[in-house]
2 protein chains.
Amino acid sequence: MPVTLKELAARANVHPSTISRVANNDPGLRIATGTRSRIEALLRETGYQPNGIARGLKLRQTNVLAVVIPDVTNPFFAALFRGVEDVAAPRGFNVLLCNTDGLPERQRSHLQSLQARRVDGVIIASSFLKDPSVRDLRGQKRPFVLVNRFSDEGEDPFVGSDDLLGGQLATAHLIDLGHTRIGHLAGKSTVSTGMLRRRGYLAAHTAAGLVADPGLVVEAGYTEESGAAAARHLLSVPDPPTAVFAVTDMVALGTADVARQMGFRIPEDLAIIGYNDIPLASRVSPGITTMHVPIHEFGSVAGRLLLDQIENDEPAQRRVRFTPDLIVRESTVAGLTRSGRIARSNSSAE
Amino acid sequence: MPVTLKELAARANVHPSTISRVANNDPGLRIATGTRSRIEALLRETGYQPNGIARGLKLRQTNVLAVVIPDVTNPFFAALFRGVEDVAAPRGFNVLLCNTDGLPERQRSHLQSLQARRVDGVIIASSFLKDPSVRDLRGQKRPFVLVNRFSDEGEDPFVGSDDLLGGQLATAHLIDLGHTRIGHLAGKSTVSTGMLRRRGYLAAHTAAGLVADPGLVVEAGYTEESGAAAARHLLSVPDPPTAVFAVTDMVALGTADVARQMGFRIPEDLAIIGYNDIPLASRVSPGITTMHVPIHEFGSVAGRLLLDQIENDEPAQRRVRFTPDLIVRESTVAGLTRSGRIARSNSSAE
DNA sequence: TAGGCTAGCGCAATCGTTTGTTCATCGGCA
DNA sequence: TGCCGATGAACAAACGATTGCGCTAGCCTA
């Protein structure tokens, strides 16, 4: 059992409060040098660590953050988490990781648990932003930041990419390559990323004077499996597309698998572009052309926003949006180097 | 600000303790049905959630676990974490994730912080098991479980694979294929996985009546970069090996990259086998032959061991060791299917 | 009608810190 | 000698929940 203030007080023949002030380096503290050194020696000797629970109760601050994501096994979210922890740890915060598996009830129970635990702030990069549990969060004055996906309800702090532009750039790349029948494996239209990237897809068509065939847009979810299923469907139509824009790299990977199985050569028969530039995208063969976004920075910026909100006690209603960069690999252009080519780099904040 | 017991007590005209007993469904509680229903209505209406901090202070239990790993961005550790969370969440525990980046000082500061926070248990899958911080953990009666790597100090609870056997099986596979000059990109000899897999490598040679060339064993660390560097070195010797056993899949991946750059065809000029069977190993081309270990189960079993230790308050000094399975892919045998072949499956516990 | 039993709650200590306030002591100065 | 201002440290009230114990009615029984 770790040593307590009271025990130390008994050993040093002083009151617990005196030990506390010495341990916390109370600036306005007047104390005899003898007493101080006696206490300091005791502190060092016992390696006293104040009980964080008791401290949290008194100070109403736990120094704990939480990150809520679908699945840390997905490299996108793993990188995101690292971004958060990398700014949190130096500031003395620990970070809870909560996986929802995309299940609303798991998100809800996690959020409840976090609330009971009085975590100082929450970073949410899962779905179900319109869930009552998220509204509760807004209702409580518990600070939180949305990442990657945002909700149109309220002006929640947000960090993510410019998905409209990203969808547009991705599609424009395919158009530049001469494609005219371009499919889209879309995200859910209820999720900001899904809706905006789809809009970008359409905008690129319009800008190029093309009309998008509505029959070539299929909702594909976000996992490799769901992407594969949707791709199978999309590639089975009578006049299949010669290129597809997949809403995420995972979906693109599923698509590549299915396309190969169905006898499509990539990129000759089917060009594929993804989104996010997860590490896996550059490792598979052929490498997946994709829109690069700074995933780690999503996390670190969100973490900073959250910590500022906590420490300065200010609302910090900011929205940070990074500009995605096109990375061209073999899944759209044959005969490239493996690492891909970066087009340009940028970021903006409102 | 969330509602407290005291406030509810005032609204229901009872003492806080009565509310507490109703909320906690105190079994031996005698209470008038009218009072009970009045309180229950109030609880539902306000959505009362007991303050976890205060609760933790009184009950001396936080319902928080921590997982300490080098880097969650490494798919091995991400899967491990999921295993832990999947058993912890249903039991009402939240899980802190601490990345050390393989830095002893970060491990130390994390462990200190966890101790101050009075987490109920810690799962350690990082290096530096002989660090004072780990000894402290043993000294405190705070429950913990080692995963993947263990220390020869004491009989700490442990979950991992049979690394000696794994190293032996991996090397035997290469020998079976006719290789006689087999290199080993080894882990650190101070780490159990490194030492045991290396011993297995040697044992397989002995069993086959071969002598291992000490010049073909190079320490390679555990990351892709360090593996690549070591591989470059190993493949530059006058009479390079025709096959290598890499201590982990990440090292194997780095090796494959370097080998290709140096003009080796895989597997014709150089066969490569890794260890762990991370998802990436089956996705790259050529697929990496490897020793499969149940990573997710490492986490779930470790979590269960830890939770039993916490809830039953028993030491639970157990060591669980899984038998690794050989998965053959194209990096050792040309012309296989992509998914690989599983040899057999098993697990044992002391 | 007195005594005892029980149902139904309230009391108060406790967990370990933090922090505003009070209190005693001592030296200096008039 | 008497008073005053520092100085150095103790006091005590929080923070919010849990829990063993005690207390007060009311009812039953003898």
Side-chain angles (χ1 to χ4, degrees), chain A residues 1-40 42-43 46-64 92 113 115-120 140, chain B residues 1-40 42-43 46-64 92 113 115-120 140:
Chain A
M1 209 50 54
V3 63
T4 71
L5 270 190
K6 214 198 295 188
E7 292 165 17
L8 290 181
R11 289 182 50 178
N13 268 324
V14 293
H15 194 268
S17 62
T18 307
I19 312 255
S20 171
R21 287 186 228 261
V22 171
N24 291 356
N25 242 311
D26 186 331
L29 175 60
R30 298 170 311 193
I31 193 171
T33 53
T35 316
R36 152 160 275 154
S37 59
R38 180 159 41 103
I39 293 181
E40 279 172 345
L42 201 55
L43 287 175
T46 58
Y48 170 71
Q49 290 260 92
N51 183 322
I53 317 270
R55 205 151 196 279
L57 180 58
K58 178 66 187 168
L59 299 182
R60 310 169 145 285
Q61 163 145 348
T62 52
N63 277 37
V64 172
S113 169
Q115 204 160 303
R117 232 175 256 313
R118 306 302 197 260
V119 299
D120 293 333
Q140 313 279 337
Chain B
M1 213 48 58
V3 63
T4 73
L5 270 191
K6 215 199 295 188
E7 292 165 16
L8 290 182
R11 289 184 52 180
N13 268 323
V14 293
H15 195 268
S17 63
T18 306
I19 311 257
S20 171
R21 288 185 228 259
V22 171
N24 290 355
N25 241 309
D26 186 332
L29 176 58
R30 298 172 310 194
I31 193 171
T33 52
T35 316
R36 154 159 275 153
S37 58
R38 181 159 38 106
I39 294 180
E40 279 172 345
L42 202 56
L43 288 175
T46 58
Y48 171 69
Q49 290 262 92
N51 182 322
I53 319 268
R55 205 152 197 280
L57 180 57
K58 176 65 185 173
L59 300 183
R60 312 170 143 285
Q61 163 144 348
T62 52
N63 278 37
V64 171
S113 169
Q115 205 159 303
R117 231 174 255 315
R118 305 303 197 256
V119 298
D120 292 332
Q140 312 280 336

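These numbers come from a predicted model, not from an experiment. Below, chain A is the first sequence line, B the second, and so on; all start at residue 1.
- Nucleotide C:dG10 holds its P atom 9 Å from the CG atom of B:Asn13, rounded to whole Å.
- The distance from atom CG of A:Leu57 to atom C1' of D:dA13 is 13 Å, rounded to the nearest whole Å.
- Rounded to whole angstrom, the span from the CG atom of B:Leu29 across to the C1' atom of C:dT6 amounts to 15 Å.
- Side-chain N or O atoms of B:Ser20 include none that pairs as donor or acceptor with a backbone N or O of B:Pro16 at under 3.5 Å.
- Taking every heavy atom of both residues into account, A:Leu57 and B:Ala54 meet most closely at CD1-CB, 3.8 Å.
- Panel note: side chain B:Asp26, backbone B:Gly28; a donor-acceptor pair is recorded below 3.5 Å.
- Closest approach to the B:Leu5 side chain among D:dA10, D:dA17, D:dC15 is made by D:dA17 (side chain taken as heavy atoms from C-beta onward).
- Inter-axis angle, ends of the helix from C:dT1-D:dA30 to C:dA30-D:dT1, five pairs per end, rounded to 10 degrees: 80°.
- Contact between the side-chain N/O atoms of A:Tyr48 and the OP1/OP2 oxygens of C:dT17 is found at a separation under 4.0 Å.
- Contact annotation: B:Arg55 side-chain N/O to D:dG16 OP1/OP2 distance is not under 4.0 Å.
- Protein atom CD of A:Glu7 is 10 Å distant from nucleotide atom P of C:dC15, rounded to whole Å.
- The nearest whole Å value for the distance from the CZ atom in A:Arg30 to the P atom in C:dC23 is 15 Å.
- Taking 4.0 angstrom as the limit, B:Arg60 places a side-chain polar atom (N or O) nearer than this to OP1 or OP2 of C:dG16.
- Residue A:Lys58 has its side chain nearest to C:dT17 when only D:dG16, D:dC11, C:dT17 are considered.
- Backbone-only contact: A:Leu59 has heavy atoms under 4.0 Å from sugar-phosphate atoms and none from a base.
- Per the geometry, CG belonging to B:Asn63 stands 16 Å off P belonging to D:dA17, to the nearest Å.
- Comparing B:Val14 and B:Ala54 along DNA chain C, the residue whose closest nucleotide (by nearest heavy atom) sits nearer the 5' end is B:Val14.
- Residue B:Ile53 is the one, among B:Ile53 and B:Thr18, whose nearest nucleotide of DNA chain D lies closer to the 5' end (criterion: closest heavy atom).
- What you find for A:Ile53 and B:Gly56 is that their closest heavy atoms are CG2-C, 3.9 Å.
- For B:Ser20, the side-chain atoms get nearest to D:dT18 when compared with the rest of C:dG8, D:dT18, C:dG16.
- Taking every side-chain heavy atom of B:Ala32 into account, C:dC9 is the closest of D:dC15, C:dC9, D:dA17.
- For A:Gln115 against A:Gln140, the heavy-atom pair with the smallest separation is NE2-NE2, 3.0 Å.
- Residue A:His15 contributes atom NE2, which lies 15 Å from atom P of C:dT19 at whole-angstrom precision.
- Closest approach of A:Tyr48 to A:Thr4, counting heavy atoms only: CE1-C, 4.2 Å.
- At least one donor-acceptor pair closer than 3.5 Å links the side chain of A:Arg117 to the backbone N or O of B:Thr62.
- Using a 4.0 Å heavy-atom distance criterion, B:Ile31 is classed as a sugar-phosphate-only contact.
- Counting non-hydrogen atoms under 4.0 angstrom, B:Asp26 reaches nothing in the nucleic acid.
- Between B:Pro16 and A:Thr4, the one whose closest nucleotide on DNA chain C sits nearer the 5' end is B:Pro16.
- The distance between atom CG of A:Leu8 and atom P of C:dT18, rounded to the nearest whole Å, is 12 Å.
- For the pair A:Asn51 and C:dC15, the criterion of a side-chain N or O lying under 4.0 Å from OP1 or OP2 is not met.
- Across all their heavy atoms, B:Ala12 and B:Leu42 have their closest contact at CB-CD2, 3.8 Å.
- Taking both residues in full, the closest heavy atoms of A:Gly92 and A:Asn63 are given as O-ND2, 3.3 Å, listed atom of the first, atom of the second, then distance.
- In the interface, the side chain of B:Arg21 is paired with the base of D:dG20 through a donor and an acceptor atom under 3.5 Å apart.
- Residue A:Ser17 is in base contact, counting any heavy-atom pair closer than 4.0 Å across all strands shown.
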